[in-house]
Amino acid sequence: MRPTATPRGAAVPAERHAAGRRLTRRFFDRPVLEVAPELLGCIVARTSPEGTVSVRLTEVEAYDGENDPGSHAFRGATPRNEVMFGPSGHIYVYFTYGMHWCMNVVCGPPGQASAVLLRAGEVVAGEQLAQARRPSARSPRELARGPARLTSALGVDRADNGADALDPRSPLRLLPGIAVAPDQVRTGPRVGVAGAGASTPWRFWLDGEPTVSAYRPAIPRRRGGATSGRL
DNA sequence: AAAACGATACACT
DNA sequence: GTGTATCGTTTTT
């Protein structure tokens, strides 16, 4: 760990960190690598007729729009990713692996298409409702430990795509939370992203948090059987 | 065919 | 108790 290898964003000055400060559109209209680590410790809250669940963010990943081979926006706008091309502070929800929802906060001005994937957090309100939505969670730390678990605990799905998380009346909101100690922020490669940019340290998390999802390398699943025709 | 994943079945401690 | 591999299921390329 030479000093020269220190990834960008590893040390976030407390006075710049979003947690504990007011969240504005301008905060999100900056390079996604600056915004992402500063979202750690912030609260994402969703209200429905069933109640409100709030999650304190402990793990996020940056995706740098059309410049980033790992980003959904890399090949330009599609019906799925169009929210990424819109104004910052809005939520991009996508469906993956045939059954899961994941959520991002859009960053940068319209056209930039960068976003921060919310990967994990600690449920700090509405635990009972979160547990009801996540019956397989065997402890509170598992309620939102992972990007699809986080959306499940919050009750987020396609209907939340495009929501303005900076509008206080929105059912899905991003709130400042409590500032984190700057030396608690860690960084490393993204999870499950192969190809160019796979080694770039665009994942950020809070050190020592039990809600941070386990690292899984981006290795394609091996397909068995004769029909695969490959080794 | 591969994907910004999670639940389950096992192996092992 | 933990770690690792397998597979479900839809969208996009």
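A, B, ... follow the sequence lines: proteins, then strands. Residue 1 opens every chain. As the structure is a computational prediction, the values presented were derived from the model and not from experiment.
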Practice prompt. Answer yes or no as to whether B:dA4 has its base stacked against A:Tyr63, where stacking requires a ring-centre separation under 5.5 angstrom and planes under 30 degrees apart.
Written response: yes
Worksheet item: Regarding A:Arg119 and the six-membered ring of A:Phe204, is the cationic atom NZ or CZ under 6.0 Å from the ring centre and inside 45° of its axis?
Response: no
Worksheet item: Looking for any heavy atom pair under 4.0 Å, which part of the strands does A:Arg138 touch: base, sugar-phosphate only, or nothing?
Response: nothing
Discussion item. Measure CZ/A:Arg141 against P/C:dT2 and give the value in whole Å, please.
Written reply: 8 Å
Item to complete: Just do the salt bridge (Lys or Arg N to Asp or Glu O under 4.0 Å) check on A:Arg173 and A:Asp167 with the steps written out, would you?
Response: CA-CA 7 Å; A:Arg173 305 170 306 284; A:Asp167 182 347; over 6 Å; no
Fill in: A:Arg25 charged N/C atom sitting above A:Phe28 aromatic ring, 6.0 Å / 45°
no
Item to complete: Could you state the atom-to-atom distance from OH of A:Tyr97 to C1' of B:dA3 in whole Å?
Response: 4 Å
Worksheet entry | Nearest to side-chain heavy atoms of A:Arg80, which nucleotide of C:dT10, C:dT9, C:dT12 | C:dT12
Item to complete: Whole angstrom is fine here: how far is it from CZ in A:Arg134 over to P in B:dG6?
Response: 8 Å
Discussion item. Rounded to whole Å, please give me the gap between CH2 in A:Trp101 and P in C:dT10.
Written reply: 12 Å
Worksheet, complete the sentence: Of A:Asn81 and A:Gly98, the one whose nearest nucleotide on DNA chain C sits closer to the 5' end is A:Gly98
Worksheet item: With rounding to whole Å, what would you report as the distance between B:dA4 and C:dT4 at their P atoms?
Response: 23 Å
Discussion item. Does the plane of the ring in A:His72 sit parallel, tilted or perpendicular to the ring in A:Tyr92? Use 30° and 60° as the thresholds.
Written reply: perpendicular
Practice prompt. Write down the distance between CG (A:Leu117) and P (B:dA4), rounded to a whole number of angstrom.
Written response: 10 Å
Practice prompt. Apply the test side chain to side chain contact (heavy atoms under 4.5 Å, CB included) to residues A:Val106 and A:Val83: give CA-CA distance (whole Å), side-chain angles for both, the deciding distance (0.1 Å), then the verdict.
Written response: CA-CA 8 Å; A:Val106 175; A:Val83 171; 4.1 Å; yes
Worksheet item: Rounding to a whole Å, what distance do you find between A:Met99:CE and B:dA4:C1'?
Response: 15 Å
Worksheet item: For the pair made of CZ in A:Arg133 and P in B:dG6, what is the distance, rounded to whole Å?
Response: 17 Å
Fill in: Assigned partner base of B:dA4, Watson-Crick or wobble definition, under 3.5 Å
none
Discussion item. Just to be sure I understand the rule, does A:Thr78 reach a base, reach only the sugar-phosphate, or reach nothing, if contact means heavy atoms closer than 4.0 Å?
Written reply: sugar-phosphate
Worksheet item: For B:dC12, what is the paired nucleotide under Watson-Crick or G-U wobble rules, both distances under 3.5 Å?
Response: C:dG1
